[in-house]
Amino acid sequence: RRGGSETVTLSVSSAFTTHWLMPRIDRFQRRFPSVDLRFQLIAGSLRGPVENVDLGMRFVAAEDAVSPDAFVMRELMLPVCSPAYRAGGREDEGDTLIQLTDAPGDWPALYPGFGTGRHGSVRTIAFSDYSLVVQAALLGQGIAFGWLTVVAHALIAGALVPAADRPTQGARVCELIPPRNRPLRPVAEAIRAWIVAELRADVEALEARHPRLGLVASTYGADPPRN
């Protein structure tokens with residue numbers, strides 16, 4: 001340890017790290033000046049055991065939830081694209097759908113019409129790394145299925161916009177889970193509380209920007225829980 005610093009290891013997706021955490025790493029460092037972050041990165045869907053780390057972000061069935069302290073938000077997804085992609089193109093052109101190769105279900109079937117107004121043949125691009133799915137959407141290459149835990153920052157910044165007029169609520173909940181093989185250290189507990197608070201602030205900011213989507217109620221219920 002260097003000068004009293006503590007190392008905290010997070011098991012999270014490469015997409016969450018790239019598109020949500022990195023844009024606010026300066027805020028994290030001001031809040032936790034003596035913490036060195038390490039990452040165990042997951043490219044695709046967030047699954048697998050949480051072992052030999054301090055916290056792991058996982059989507060779990062509601063009945064398998066660990067504890068209220070671990071709760072981050074309900075699973076919520078929304079088709080997203082860049083403003084230029086949504087505004088551009090001709091009606092006779094088809095949309096390009098950007099997909100995660102191991103994503104469950106046929107999400108385009110949930111949205112028979114996207115906000116782009118394009119009605120031609122649909123094309124698809126698929127990646128095994130969800131960070132590339134989001135990056136392709138940011139570059140204006142098509143419509144991606146956006147998990148709110150990843151795309152919230154880009155939606156607030158205006159780099160992405162909704163490509164449909166309603167979100168999809170999944171059957172799972174997002175949690176930040178401690179491993180079974182080590183106790184939860186106070187610094188890791190504080191970092192978990194910070195991530196939860198930051199994401200809640202994002203959802204509330206998006207509610208103000210896109211009230212018709214009803215993101216707060218879909219994500220937390222009528223009254224979002226408070227720490």
Side-chain angles (χ1 to χ4, degrees), residues 12-13 15-16 18-21 23 44-47 57-62 65 71-83 85-87 95-100 102-118 122 124-127 130-131 133-138 140-176 195-225:
V12 291
S13 71
F16 173 82
T18 301
H19 298 292
W20 188 87
L21 182 57
S45 298
L46 277 173
R47 56 171 65 115
M57 181 177 280
R58 297 291 187 271
F59 285 94
V60 301
F71 176 79
V72 177
M73 62 169 62
R74 296 176 186 165
E75 183 180 30
L76 200 71
M77 298 82 74
L78 178 70
V80 294
C81 61
S82 71
Y85 181 88
R86 179 160 183 164
D95 280 308
T96 298
L97 304 182
I98 310 164
Q99 308 203 56
L100 182 65
D102 63 348
D106 181 16
W107 71 264
L110 300 173
Y111 300 93
F114 293 105
T116 59
R118 303 183 187 194
V122 172
T124 62
I125 306 172
F127 297 99
Y130 187 59
S131 65
V133 172
V134 177
Q135 185 63 29
L138 287 165
Q141 301 304 315
I143 299 172
F145 204 35
W147 270 261
L148 204 59
T149 45
V150 173
V151 301
H153 173 81
L155 285 167
I156 291 171
L160 292 174
V161 294
D165 60 3
R166 60 181 173 83
T168 292
Q169 185 175 314
R172 304 178 298 175
V173 296
C174 179
E175 293 194 321
L176 279 166
I195 292 173
V196 168
E198 289 281 313
L199 278 166
R200 285 182 183 159
D202 282 356
V203 173
E204 290 171 1
L206 288 170
E207 177 85 2
R209 183 181 289 244
H210 304 288
R212 73 185 186 282
L213 296 176
L215 297 178
V216 169
S218 298
T219 308
Y220 299 113
D223 297 310

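At least one donor-acceptor pair closer than 3.5 Å links the side chain of Y130 to the backbone N or O of W147.
Residues that satisfy the side chain to side chain contact (heavy atoms under 4.5 Å, CB included) test with S82, not counting sequence neighbours, are A84, Y85. Contacts of V161 classified as side chain to side chain contact (heavy atoms under 4.5 Å, CB included), with partners at least two apart in sequence or in another chain: C81, P83, R86. Applying the salt bridge (Lys or Arg N to Asp or Glu O under 4.0 Å) rule to E207 yields no partners; only residues at least two apart in sequence or on another chain are considered. Remark: Q135 pairs with H19, L138, L139 by the side chain to side chain contact (heavy atoms under 4.5 Å, CB included) rule, at least two apart or across chains. Listed by chain and residue number, S131 satisfy the side chain to side chain contact (heavy atoms under 4.5 Å, CB included) test with T18 (two or more places apart in sequence, or in another chain). By the side-chain hydrogen bond (donor to acceptor under 3.5 Å, both in side chains) test, T124 is found to be paired with no residue, residues two or more places apart in sequence or in another chain being considered.
Scanning all heavy atoms of the two residues, the minimum distance from T149 to C174 falls at CG2-SG, 4.1 Å. Looking at every heavy atom in both residues, A208 comes nearest to P211 through O-CD, 3.7 Å. Considering every non-hydrogen atom in both R118 and D95, the closest pair reads CD-OD1, 3.4 Å. Of all heavy-atom pairs spanning R74 and A217, the tightest one is NH1-O, 3.5 Å. Summarising the geometry of G146 relative to V151, their closest heavy-atom pair is CA-CG1, 3.9 Å, with the distance given to 0.1 Å. The two residues P162 and R212 have their closest heavy-atom pair at CB-NH2, 4.5 Å.
Using cut-offs of 30° and 60° for the angle between ring planes, the W107 and F145 rings count as parallel.
A heavy-atom distance below 4.5 Å is not found between the side chains of V60 and R172. For the pair V122 and P108, the minimum side-chain heavy-atom distance is 4.5 Å or more. The shortest distance between side-chain heavy atoms of P79 and T168 does not fall below 4.5 Å. Proximity of L199 to T219: side-chain heavy atoms (C-beta onward) are nowhere separated by under 4.5 Å.
Atoms CG and CG, from L78 and L215 in turn, are 7.0 Å apart once rounded to the nearest 0.5 Å. Interatomic distance, I156 CD1 to D202 CG, rounded to the nearest 0.5 Å: 3.5 Å. For the atom pair L110 CG and R166 CZ, the distance stands at 6.5 Å (nearest 0.5 Å). In this structure, the separation between NE2 on H153 and CG on L160 is 10.0 Å, given to the nearest 0.5 Å. In this structure, D165 CG and H210 NE2 are separated by 12.5 Å, a value rounded to the nearest 0.5 Å. Between I143 atom CD1 and I98 atom CD1 the span is 8.5 Å, to the nearest 0.5 Å.
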Stepwise side chain to side chain contact (heavy atoms under 4.5 Å, CB included) check, L148 with L206: CA-CA 10 Å; L148 204 59; L206 288 170; 4.0 Å; yes

From CA spacing to verdict: side chain to side chain contact (heavy atoms under 4.5 Å, CB included), V12, W20: CA-CA 11 Å; V12 291; W20 188 87; over 6 Å; no

